Structure formats: C-alpha cells, structure tokens
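Notes to accompany the following structure.
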Amino acid sequence: MKTVTIIIRTLIGLLLISVAIGYFLNLMPEPVTNGDFKAFDVGAVSSAYIMPAAKFIELLCGLAFIFDLYVTLASILILPIIMNILFLDYYLTPQAMPIAIFLFLGNFFLIYKHWDNYKSLFSRK
C-alpha cells in the first residue's frame with residue numbers, strides 16, 4: 001500500500017507541476033473555447049488574479065507531493081481547486097473528466113492515508 005501511495009502522490013504532483021509550469025511559461029497553447037466554457041474562461045482570465053493564484057497553489061502543492069513534504073496541508077489546500085476542476089470538466093468540458101476524476105480520487109486517497117493528521121481538525125473541544 002505504501003508503493004501505491006507513493007505512485008499516486010508522485011503522479012498528482014507531476015501533473016500539478018506540469019500544468020502550473022506550462023501556465024507560467026506559456027508552454028501550452030490557449031485552448032479553443034466556445035459557449036459556456038468561453039464565458040467562464042473570459043471571466044477567470046479577466047479577474048487577473050484567480051488563475052495565477054490557482055496555478056501558484058498548484059505548483060506549491062505539486063512540489064509538496066513530489067518531495068513528500070507537508071502532504072497533509074497540500075491535500076487540503078489543493079482540494080478546492082481539484083473540486084473546481086472536477087465540476088468544470090463535468091459541466092463544460094466532459095472530455096477531460098478522466099484526469100479530473102483521477103485528481104479527485106487520488107487526493108481523497110491521500111487524505112485517507114493521512115487521516116490521523118486530520119483528526120484534530122474535526123474534534124470538538
């Protein structure tokens with residue numbers, strides 16, 4: 001089970017890092033958008049801070065996953081971004097769902113594996 005955890009953590013980390021670096025260095029072409037996805041994309045880009053902030057968090061969490069540092073914190077920090085990716089893909093770009101599902105299930109697997117670290121967050125004092 002430890003090997004599976006390392007593989008999932010590494011794959012998620014590599015995916016997050018590659019997307020973030022691709023965004024910051026303009027290595028990937030802008031996707032062709034239309035309809036509702038175009039409206040969402042224009043809004044996200046127009047805000048001028050959402051995409052850089054999300055990609056910076058993806059980069060930090062990807063590095064944390066790769067180097068096995070602060071995985072508990074990184075899993076919680078990246079969760080809202082992964083949820084947004086999942087819902088965006090479900091409603092607007094269903095062809096990208098397999099990657100979103102892998103990110104979602106892989107992150108929950110990592111949360112499950114580190115559940116002892118989260119117990120104090122949910123304890124009533």
Side-chain angles (χ1 to χ4, degrees):
M1 198 61 134
K2 185 174 183 172
T3 305
V4 172
T5 304
I6 292 169
I7 291 170
I8 290 174
R9 192 186 71 231
T10 304
L11 288 175
I12 291 173
L14 288 173
L15 185 61
L16 293 173
I17 289 171
S18 65
V19 169
I21 289 174
Y23 173 80
F24 287 122
L25 299 179
N26 295 319
L27 298 176
M28 294 181 275
E30 287 293 321
V32 177
T33 59
N34 53 26
D36 291 337
F37 184 63
K38 183 171 186 150
F40 177 83
D41 189 44
V42 167
V45 171
S46 297
S47 70
Y49 75 92
I50 289 178
M51 291 305 289
K55 297 303 177 186
F56 183 71
I57 291 170
E58 287 179 17
L59 181 64
L60 289 179
C61 291
L63 291 171
F65 287 147
I66 293 290
F67 293 112
D68 196 19
L69 299 169
Y70 306 107
V71 175
T72 304
L73 177 62
S75 294
I76 289 294
L77 189 60
I78 200 68
L79 185 60
I81 295 172
I82 289 177
M83 294 294 294
N84 194 29
I85 292 169
L86 183 69
F87 290 138
L88 178 71
D89 287 349
Y90 180 75
Y91 287 107
L92 301 176
T93 56
Q95 64 273 16
M97 278 299 290
I99 295 171
I101 290 171
F102 168 73
L103 284 172
F104 180 74
L105 294 177
N107 193 43
F108 266 98
F109 176 77
L110 293 175
I111 290 172
Y112 171 76
K113 291 302 290 179
H114 295 95
W115 185 248
D116 290 338
N117 298 341
Y118 298 106
K119 285 184 180 178
S120 63
L121 293 173
F122 299 106
S123 65
R124 189 171 178 198
K125 293 186 181 190

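Just so it is clear, the model here is predicted, and its values are computed rather than measured.
We find the CD1-CZ distance between I6 and F65 to be 14.0 Å, quoted to the nearest 0.5 Å. Here the CE atom belonging to M97 is positioned 10.5 Å from the CG atom belonging to L88, to the nearest 0.5 angstrom. One finds the CG atom of L110 at 11.5 Å from the CD1 atom of I78 (value rounded to the nearest 0.5 Å). Here CD1 of I21 is found 8.5 Å from CG of L27. Values are rounded to the nearest 0.5 Å. Taking CD1 of I76 as the start and OH of Y118 as the end, the distance is 4.5 Å to the nearest 0.5 Å. The distance from the CG atom of L77 to the CD atom of E58 is 10.5 Å, given to the nearest 0.5 Å.
For Y70, the OH atom counts as loosely surrounded, since its 6.0 Å shell holds 12 or fewer non-hydrogen atoms of other residues, nucleotides or ligands. The number of heavy-atom neighbours closer than 6.0 Å to CD1 of I99, taken from other residues, nucleotides and ligands shown, is 12 or below.
Residue L15 is not grouped with residue M51 when hydrophobic side chains (ILVMFWY) are merged at heavy-atom distances under 4.5 angstrom, including chains of intermediate members. Hydrophobic clustering (side-chain heavy atoms under 4.5 Å, transitive across Ile, Leu, Val, Met, Phe, Trp, Tyr) groups I8 together with I85. A continuous path of hydrophobic side-chain contacts links F102 to F87 [ILVMFWY only; heavy atoms under 4.5 Å]. Note on V4 and L14: separate hydrophobic clusters, where clusters join Ile, Leu, Val, Met, Phe, Trp and Tyr whose side-chain heavy atoms are under 4.5 Å apart, directly or indirectly. F24 and L60 fall within a single hydrophobic cluster, where Ile, Leu, Val, Met, Phe, Trp and Tyr side chains are chained together by heavy-atom contacts under 4.5 Å.
In this structure, L59 and L16 have side chains that are not in contact, with every pair of non-hydrogen atoms separated by 4.5 Å or more. Put simply, the side chain of L86 does not reach to within 4.5 Å of the side chain of L103, judged on heavy atoms. S75 has its side chain within reach of V71: a pair of non-hydrogen atoms, C-beta onward, lies under 4.5 Å apart.
Contact detail for D89 and A100: the closest heavy-atom pair is OD2-CB, 3.3 Å. Nearest heavy-atom pair, A74 versus C61, reported as atom, atom and distance to 0.1 Å: O-SG, 3.6 Å.
At distances below 3.5 Å, not a single donor-acceptor pair connects side-chain atoms of Y23 with backbone N or O atoms of F56.
Annotation: F108 is not in aromatic contact with Y112 [ring centroid separation under 6.0 Å not met].
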